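Structure, as structure tokens:
All figures in this text were calculated on a predicted structure; none of them were measured in a lab. Naming: A, B, ... by sequence-line order, numbering from 1 per chain.
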Amino acid sequence: MSWLSDTLTSTIGRKLVMSLTGLFLIIFLVVHLAGNFQLLADDGGLAFNAYAKFMTSNPIIKTTSYGLYAFILIHIIMSIALVRKNKAARPVGYSEVKGSANSSFSSRNMGILGFIIFVFLVIHLRNFWYEMHWGAIQMDDAGNKDLYKVVSAAFSEWWYVAIYVLCMVGLAFHLSHGFSSAFQTLGVNHSKYTPFIKKLGIAYAILIPFAFALIPIIMFLNS
Amino acid sequence: MNLESKIPEGPLSEKWTNHKFNVKLVNPANKRKYDIIVVGTGLAGASAAASLAELGYNVKSFCFQDSPRRAHSIAAQGGINAAKNYQNDGDSVFRLFYDTIKGGDYRSREANVYRLAQVSVNIIDQCVAQGVPFAREYGGLLANRSFGGAQVSRTFYARGQTGQQLLLGAYSALSRQIANGKVELFPRTEMLDLVMVDGKAKGIVARNLVTGKIESHSAHAVVLATGGYGNVFYLSTNAMGSNVTAAWRAHKKGALMANPCYTQIHPTCIPVSGDHQSKLTLMSESLRNDGRVWVPATKELAEKIRKKEIHPNDLSEDERDYYLERKYPAFGNLVPRDVASRNAKYVCDEGRGVNETGKAVYLDFRDAIKRDGEDTIASKYGNLFDMYKQITGENPYAQPMKIYPAVHYTMGGLWVDYNLKTNIDGLYATGESNFSDHGANRLGASALMQGLADGYFVIPYTIGNYLAGEKYEKVDTDHEAFKAAEKEVKDNIDKLLSIKGSKSVDHYHKELGKIMWDYCGMSRTGEGLKKAKELIKDLKVDFWKNVKVLGSNEEFNSSLEKASRVSDFLELGELMVDDALHREESCGGHFREEHQTPEGEAKRNDEDFAYVAAWEYTGPEKPETLHKEQLIFENVKLTQRSYK
Amino acid sequence: MKFKLKIWRQKNNQDKGGFKTYDLDGVSSDMSFLEMIDVLNEQLIDKDEDPVHFDHDCREGICGMCSMYINGEPHGPLRGVTTCQLHMRSFSDGETITIEPWRAKAFPVIKDLAVDRSAFDRVIQAGGYISVNTGGTPDANEIPIPKTVADEAFDSATCIGCGACVAACKNASAMLFVSAKISQLSMLPQGQVERDERAEKMVAQMDAEGFGACTNTGACSAECPKGIDLSNIARMNREYLGAKLSSGK
């Protein structure tokens, strides 16, 4: 299998891994968002808690979620490897760089944007995911863990909402480049389709993080 | 000295075929026992190095640039001729041969030119197989255009970047052989001397331009593919680094320099804008297919234009003089380069030139845009128009371009026989560095053809004929001849560095260029040439007294590189003047005002001057000795060139 | 015109190097950027100072030798031109101009602004060719190529190998250069035979030279004096991954 390790450690291979894991995470975002919308249901969190229960106990979902963790890790580890390689490719830098003249802000700062998302992920997982699995959570009326309560408690703090929203802005920028970039890396670049992919990417990068950010804002206002 | 051209026996059309059969072959297994040095990596050098390596020879390839791909062949724009007759318009090997001989004003060898026309068809096949993206028709077949005075469409092209694409093809073939281990590449390395052992070329001494190290390289044969010497004029369309040094040092070791005064002045270059100018930019001659050349009909109008009181677009038809169409109704704007250039000079000398310096004529696309639409013109010449706009800041779609002739190509060069061998055994010269195929004037789209013909299809055959008689043992670089050459090179460098004078190398180069342009340029007189000779002599003395070369040899030192090249240009300049002075006739790129027809056209003297003037170096400050190779024309009738 | 020039000076590869500032007066707006440096150099020589070394040759935008990083961009502020085609009219009088060499591990500085780009040659040597020997090739018209394909291959073939893509890329990636050659040859029928092997070998060499990876910022294409399109990189990715997945080795 040396050809496979050769391929996956080449610059293009590494980019391929970034692209594929990135696309998976892009799809995951939609699923996650769909679940989040249940936070807005006017039922004291029953639907959301049932959903959370389902997500943590259904064997298929569980298996998928291990894949998800792995992909997030691979995406992060590979990006670190790439950043190191890329830094090494230019040991002496320029004194003046006019990056804005030739490229977009997001494309030049994917690492930093990714890091913001990573920090968010740590907070996010600690507060919700960890609590859901191992925290001391009360039960709701339906007998499910009342994750809704945990969430709404967090979203009643203005600073928490602010962090959340800011991180979603970071996600938006990350996606605004990452979406179409993933296709480019896969070799999908065609004068007929690329303009559409680019527009779709921008739309996605705006709508999804916006919707994510909207939920805590509404919950904060309602709290 | 007897100059043997070694032209094979037999009818013209069979000479090359017969010769290929008659030359001695080197056994395939023995080819690896021979080393060949190829200096230069342009079309002629890269193609030769690659082809020789493919045959099995060990090749060492040298270039002064950082990569073989930079060689100045890359800048050729227009195209490459080949007698394919794909257009069914009556082209043939004989017609290409005839046009080239006639275009060269009957000062080239019939046999060489015929061979050139013959192998031209193979070149296109070779390049297409390499992946050179020539222009194509919608049916997928190759497109052609008519070019530079040809009455048939035989020019293959790749937009305005034909030279680039052909060179990258040759470079890819060379790269493949480097990867195969058959070619060893020495970039940023400049040949500074030829090493001779027992009268045969056995190697070179070169300077590593980064470290300054003087290195000897031994081989069984040396091929010089070092390009032309147009930079003797300082301002030319050549690259900044283009130089005569390798050829000149070989000349000083005994190789004859042939027809050095034959220089081609290209009619369509962007005019000089000021004293700071470091080089001139050529606009492809293909522009003359659609552009019309004109100047204002009177001096007064021209003056107003120069003062920007009136705009060229405002001049009526009567106020414009389309002088080429007027004087040469049959060829019009497509007359050969020398005719177009000289006429531009004439109208400017009459005071009808159009830019601030008075040294420019218009090349107008107004009518072509009206006829074909701006899109069509843009698709044909878009990149040239963009380049023009970039350099001048003027928009050629909206107002006529300004052009003026500039030195572009040198037909003269090292004397070679039919085998492309110089008079020194084991020393070959290919491409622009030899004098071989273009006579006194080169036709458009023929330089690329010759470079590749020599490298791909001639030298691989002819060099074997020599090597087959050579021993396998190589001369060791410890041999006294190498040591002596190294010492000479080092001494010369030390001398340049020790002068520590007050004037920069560029100062001398510019001065020399001005002398050459004024007296040995488009139009020459006996009196002017004599004056030029004195001026160059004085300049040379001053150079060796007052030139300032900073730094040391043991570093990357661009001043030192230039100084060494300019010192050779100074000597070459003098020989060019001698050659121009002795040639009491006008032919092709050599126009002596004393020798013109009543209509002002070049007047040849076939009786006395139908020969190749090959000059032999006899020592420092000594006049060179002239040897003549009589040109024999058996297949074409010498006629006065007429493009009326 | 008048300029303050902040130029990177470095005696040789071992030297640490640093910026030096020069004032230059009497510059004409018609001068090319390199002619402006020529004027500076003449003045330096006059003062017995080592002139600024820089690579340049054809000065008509095609040889790819000139290579200056000017005010934060390779080949300066103008699009679609090399430094030699950049004219001083593109700058404003009195401006400070910062001039640096290309910066990449694979392009070590030789002196001042001149760098060693032989890594590019080695990438081409790894497979940027069609393996045909001289002679014995079929008639040129035996291989019809649709005009659109030929034109597209030509667009890729116009690369001049200057290295601006590497210089512009924040990762010093050479993918635009490498992909232009891979694209040209993969599109043409002549290039099919070695298509897979070529992509694998050239990418391997590119990596071995120490160039960075692509982040698809598009800086390379934006700064490319010949406007080589980013779609070349996508094609290279396809070629490379396709070759890796399907080739026999």
Mind ranking [options] by heavy-atom pairs under 4.5 Å with chain C and telling me who comes out on top?
options: B:L55, B:L168, B:N557; answer: B:N557
options: B:A158, B:S273, B:P187; answer: B:A158
options: B:G393, B:G131, B:A179; answer: B:G131
options: B:G163, B:A129, B:G169, B:S502; answer: B:A129
options: B:Y456, B:F64, B:Y86; answer: B:Y86
options: B:F156, B:F457, B:F134; answer: B:F457

Measuring heavy-atom distances to chain C, does [X] have an atom under 4.5 Å in its side chain, in its backbone, in both, or in neither?
X: B:R159; answer: both
X: B:Q277; answer: both
X: B:S73; answer: neither
X: B:Q65; answer: both
X: B:E561; answer: neither
X: B:I124; answer: both

Has [X] got more than 12 heavy atoms of other residues, nucleotides or ligands less than 6.0 Å from its [atom1]?
X: B:K389; atom1: NZ; result: no
X: C:Y22; atom1: OH; result: yes
X: B:D275; atom1: CG; result: no

Nearest heavy-atom pair of [X] and [Y]: which atoms, and what distance?
X: C:A140; Y: B:V128; value: CB-CG2, 3.7 Å
X: C:Q125; Y: B:S175; value: CG-O, 3.5 Å
X: C:R59; Y: B:S278; value: NH1-OG, 2.7 Å
X: C:H53; Y: B:S558; value: NE2-N, 2.8 Å
X: B:Q130; Y: C:V132; value: CG-CG2, 4.0 Å
X: B:R69; Y: C:F177; value: NH1-CE1, 3.6 Å

Quick one: list whatever passes side-chain contact (heavy atoms from CB on, under 4.5 Å) with C:N232, sequence neighbours left out. C:S156, C:S179, C:S183, C:I228, C:D229, C:R235
Taking [options] one by one, which has the highest count of heavy-atom pairs under 4.5 Å against chain B?
options: C:L86, C:D55, C:L34; result: C:D55
options: C:A153, C:P144, C:G136; result: C:P144
options: C:I143, C:N133, C:I45; result: C:N133
options: C:E142, C:R89, C:K181; result: C:R89
options: C:V149, C:I130, C:L78; result: C:I130
options: C:P138, C:S131, C:A114, C:A150; result: C:S131

Do side-chain atoms of [X] reach the backbone of [Y] as a donor and acceptor pair under 3.5 angstrom?
X: C:D57; Y: B:G241; value: yes
X: B:Q126; Y: C:G135; value: yes
X: C:E60; Y: B:T281; value: no
X: B:H276; Y: C:V39; value: no
X: B:E54; Y: C:T134; value: yes
X: C:H56; Y: B:M240; value: no
X: B:Y171; Y: C:I124; value: no
X: B:Q390; Y: C:G80; value: no
X: B:R136; Y: C:P146; value: no

Mind checking what makes salt bridge (charged side-chain N to carboxylate O under 4.0 Å, His left out) contact with C:K147, not counting sequence neighbours? C:D151
Can you name the residues of residues 185-193 of chain C that have some heavy atom under 4.5 Å away from a heavy atom in chain B? C:L185, C:L188, C:Q190
Give the interface residues of residues 157-167 of chain C toward chain B, defined by a heavy-atom separation under 4.5 Å. C:A157, C:T158, C:C159, C:I160, C:G161, C:C162
Toward chain B, the part of [X] with a non-hydrogen atom under 4.5 Å:
X: C:V27; answer: neither
X: C:V81; answer: side chain
X: C:Q85; answer: both

Approximate separation, where rounding is to 0.5 Å, of [X] [atom1] and [Y] [atom2]:
X: C:N41; Y: B:S504; atom1: CG; atom2: OG; result: 10.0 Å
X: B:L141; Y: C:N141; atom1: CG; atom2: CG; result: 4.0 Å
X: B:L550; Y: C:D50; atom1: CG; atom2: CG; result: 7.0 Å
X: B:D66; Y: C:C63; atom1: CG; atom2: SG; result: 8.5 Å

Please walk me through it: do C:N12 and B:E555 pass side-chain contact (heavy atoms from CB on, under 4.5 Å)? CA-CA 8 Å; C:N12 53 47; B:E555 62 177 325; over 6 Å; no
Lys/Arg N to Asp/Glu carboxylate O, [X] vs [Y], below 4.0 Å:
X: B:K500; Y: C:D48; value: no
X: C:D139; Y: B:K84; value: yes
X: B:K279; Y: C:D38; value: no

